[in-house]
Amino acid sequence: MTKRIVNKAERNAERYDAKEVGYRLYKESAGGETFDRLMPLIVSEQNILLAYRNICKNGGSKTPGTDGKTIVHIQSLPIEEVIKTVRNKLKYYQPKKVRRVEIPKDNGKTRPLGIPSIWDRLIQQCILQVLEPICEAKFHERNNGFRPYRSAQNAIAQCYKMAQIQNLHFVVDVDIVGFFDNIHHGKLIRQLWGIGIQDRKLLMVIKQMLKAEILFHDMVIAPETGTPQGGILSPLLANVVLNALDWWIAGQWETFKIREGKSGLEFRKTDAEGNLLTVDRSQKWNKLRATTGLKEMYIVRYADDFKIFCRDYSTAKRTMCAVKLWLAENLHLQASGEKSGITNLRKDYTTFLGVKFKVTPKGKRWVVCSHVSDKGREKAVKKIRKLWQDMKNPRKQAELDKNISLYNSAVMGMHNYYCMATMVSADFAAIQYRAMGKANAVNHNRRCIPLEREGKTCSKVIMERYGKSKQLRWMRDRAVVPAGYVSYVYPKYKRRCVNKYVRKYDDAENCTSFDVMRYIMEHAESYPTLEMADNTLSRYIAQKGKCAVTHEPLAVHDMVSQHIKPTQGKRNDTYQNLIIVSSNISKLILAENDKTISRCVKALNLTDEMQDKINKLRMHRGLEGLQFEDYISTKK
């Protein structure tokens, strides 16, 4: 089994015992149930605490709204007052004005960004945590934008599959004009109701959020359409709007119902809890091709950018006209005539999420060939050139380390994103030459800080990824990442069963108890430092409520937060230096008395692996390893 990566949001959900609520809402929504009493969940103490925790570390929480307040203002309040304030505001909700700012786009234009007040953002986060599992159960498999466990890489992988494996070489591009600014409020509320969110009080709160006045250059604007980009709830609401498009496209071919569908033309595979894993519709599609005149089409979407893959040009042309008409009539959205079109992948490239791709012949097959998009390439050249010049000619010597770190992080970030392009290596070789010339090979400018061909670095990440490259250079004992050294990584196709709200294989073994977590939080003063109390709670969740040595569930009065390396002089209460064990294991780690050791060994059934762990922890404390055979024989 592969190790599952748990993000901060999931760790926070475990901390406030919210995962079970998400599992339940998702399962009920997938089963077709409706929800008319969601407000009690939204204003529950654990949901408000989780919302506070999720936005507390968010960089955007330090951006003030129209009232000038940031997360620092909420942090200074007692938690009881925060809970009371959120509940009072939701009784008769009236959001504050949204501050609008304009951020520049690559084409020279600007994008309006709406910033709600910090209290409104906290309330939106409370609502998001309850609505997201309900909506996730209704979303289409190939909706990849602004969703947990979904990314641009998954969308590109789906495009590659359509073009290379399914041989769908005609792509329809439909660009929606000002999508976020033109969302119809009434239609959105009806779509939420159709999904199953039928709590009238909650729908009224969302409607008030959508109608919140906008403050822009001392002007107050009352919006009649749209949802502000920058609002926490806006991405989810945008997905709800276009969810209808996803399923309408799927209904034209993928999920088209025929009478024989009930007699075994669709094969569904589920897990032990009934969650859908895969669906095989190949026999059904063969039947449709043979007996109907339906046109084959599939949608891949990321936010408001989407592509529809078709088998032939006539289908693509009809599809584009039908989609434009459907968007106008059903969602009140207009498509751009200039940016919309049809691409034959055998002849031309199509661009999606910063990658342009087409298909080229290879033997009897057509295979995908993809590059960094033209805009992405120009943007990369400008950014790398500027960072390279700042690094080679720092204004102050003290800025050198900062400039190298900025350069390395930018280049590695570009590599991480664009590695899904098949020709990424050639693209970045050209980008490096355009941005840096021959400066990476020859120190032609004596005024610049020289580059060294050999050096040492403490960064394991850089050495693992770039250590074999002959282009790797050092500058004042700091490794400089080679911009031209990157290889293609096949993008991952996200499976249907991968979902934040479907119970994972290791959840059944999770022994974390909310009562124990609450006890740790309420008795933080019993720990020497607040840092140790917070990291102890994190360790307890990471160890799934089990002893680090015996892997047995821990009770609240039978657990000890132990330092791996003892604190000598200056305290070291970091997460990496803490481990949680049972009281008997803790005594064994510290014991020097034979009677204590014998008593603890008799109370435990230690395997060889457990014995090795105990002796390693004793070695960190300068204690001799125990000969467990002597005590085990005495026990017998």
Any donor-acceptor N/O pair, Ser373 side chain to Gly354 backbone, under 3.5 Å: yes
Donor-acceptor contact below 3.5 Å, side chain Arg311 vs main chain Asn167: yes
Pairing of Asp246 and Arg142 as salt bridge, 4.0 angstrom limit: no
Nearest heavy-atom neighbours spanning Gln198 and Thr34: NE2-CG2, 3.5 Å
Beyond-backbone contact of Leu288 with Trp253, side-chain heavy atoms, under 4.5 angstrom: yes
Any donor-acceptor N/O pair, Gln129 side chain to Ala51 backbone, under 3.5 Å: yes
Lys307-Thr350 side chain donor-acceptor pair, cut-off 3.5 Å: yes
Intermediate values then yes/no, side-chain contact (heavy atoms from CB on, under 4.5 Å), Val367 and Lys362: CA-CA 7 Å; Val367 297; Lys362 184 178 181 181; 4.0 Å; yes
Positive for side chain to side chain donor-acceptor pair (under 3.5 Å) with Asn144, one of Arg150, Gln153, Gln158, Arg301: Gln158
Residues that Arg465 engages under side chain to side chain donor-acceptor pair (under 3.5 Å), provided they are two or more places apart: Asn416
Atom of Val174, atom of Met320 and distance for their closest heavy-atom approach: CG2-CG, 4.2 Å
Asp312 side chain to Thr315 side chain, donor-acceptor N/O pair below 3.5 angstrom: yes
Spatial distance of atom CH2 (Trp247) from atom CG (Leu242) [nearest 0.5 Å]: 14.5 Å
Atom pair CG/CD1 of Asp173 and Ile308 - distance to nearest 0.5 Å: 9.0 Å
Lys356 charged N/C atom sitting above Tyr349 aromatic ring, 6.0 Å / 45°: yes
Under 3.5 Å: donor-acceptor pair, side chain of Tyr417, backbone of Ala152: no
Minimum heavy-atom distance Leu345-Leu168, with the two atoms named: CD1-O, 4.1 Å
Parallel, tilted or perpendicular: ring planes of Tyr302 versus Phe146, cut at 30 and 60 degrees: tilted
Validation row: Met412, Ile462 side chains within 4.5 angstrom (heavy atoms): yes
Residue pairs fulfilling salt bridge (charged side-chain N to carboxylate O under 4.0 Å, His left out) with at least one residue in residues 421-434, sequence neighbours excluded: Arg377-Asp427, Glu378-Arg434
Check: Asn182 side chain, Leu333 main-chain N or O, donor-acceptor pair, under 3.5 Å: no
Glu224 bridged to Lys211 by N-O distance under 4.0 Å: no
Met423 side chain near Ser370 side chain, heavy-atom distance below 4.5 Å: no
Interatomic spacing from CG in Leu192 to NZ in Lys187 - rounded to 0.5 Å: 11.5 Å
Verdict with reasoning, Lys295 to Gln252, per side-chain hydrogen bond (donor to acceptor under 3.5 Å, both in side chains): CA-CA 7 Å; Lys295 305 303 182 184; Gln252 306 303 306; over 6 Å; no
Ignoring hydrogens and angles, write down the donor-acceptor pairs under 3.5 Å from the side chains of residues 482-491, residues two or more places apart or on other chains.
none

With Phe139 via side chain to side chain contact (heavy atoms under 4.5 Å, CB included) - residues at least two apart: Cys135, Glu136, Asn143, Arg147, Leu236, Asn239, Val240, Asn243
Criterion side-chain contact (heavy atoms from CB on, under 4.5 Å) on Trp193 and Ile189, from CA distance to verdict: CA-CA 6 Å; Trp193 183 277; Ile189 296 299; 5.8 Å; no
Heavy-atom check, side chain of Glu102 versus side chain of Pro104, under 4.5 Å: no
Verdict with reasoning, Ile183 to Thr225, per side-chain contact (heavy atoms from CB on, under 4.5 Å): CA-CA 5 Å; Ile183 291 176; Thr225 60; over 6 Å; no
Test item: Asn47 side-chain N/O and Cys126 main-chain N/O as donor-acceptor pair under 3.5 Å: yes
Contact list for residues 337-347, test side-chain hydrogen bond (donor to acceptor under 3.5 Å, both in side chains), sequence neighbours left out: His169-Arg346
Nearest non-hydrogen partners of Cys159 and Phe352, listed with the distance: SG-CD2, 3.6 Å
Heavy-atom side-chain proximity of Met209 to Asp120 below 4.5 angstrom: no
Leu327 side, atom CG; His332 side, atom NE2 - distance, nearest 0.5 Å: 11.5 Å
Exam field: side chain Ser409 to backbone Leu406, donor-acceptor pair closer than 3.5 Å: yes
His185 (side chain) donor-acceptor with Gly226 (main chain) under 3.5 angstrom: yes
Check: Leu245 and Phe306 side chains under 4.5 Å, non-hydrogen atoms: yes
Close side-chain approach of Val323 and Val172, heavy atoms under 4.5 Å: no
Spatial distance of atom NZ (Lys19) from atom CG (Leu50) [nearest 0.5 Å]: 11.5 Å
Closest contact, heavy atoms only, Gln124 versus Pro116: NE2-CG, 3.8 Å
Close side-chain approach of Met414 and Val372, heavy atoms under 4.5 Å: no
Derivation and outcome, side-chain contact (heavy atoms from CB on, under 4.5 Å), residues Tyr26 and Lys500: CA-CA 10 Å; Tyr26 180 88; Lys500 178 181 177 180; over 6 Å; no
Gln229 (side chain) donor-acceptor with Leu113 (main chain) under 3.5 angstrom: no
Nearest atoms (heavy-atom pairs only) where Lys324 meets Ala335: CG-CB, 3.8 Å
Aromatic plane relationship, Trp326 with Trp248 - under 30° parallel, 30 to 60° tilted, over 60° perpendicular: parallel
Flag, side chain of Thr227 to backbone of Ser234, donor-acceptor distance under 3.5 Å: no
side-chain hydrogen bond (donor to acceptor under 3.5 Å, both in side chains) assessment of His415 paired with Tyr466: CA-CA 11 Å; His415 289 175; Tyr466 303 98; 2.8 Å; yes
Side chain to side chain contact (heavy atoms under 4.5 Å, CB included) partners of Gln334, counting only residues at least two apart: Ala328
From CA spacing to verdict: side-chain hydrogen bond (donor to acceptor under 3.5 Å, both in side chains), Glu296, Tyr298: CA-CA 7 Å; Glu296 192 171 354; Tyr298 305 85; 2.8 Å; yes
Separation between CG of Leu131 and CZ of Phe35, rounded to the nearest 0.5 Å: 10.0 Å
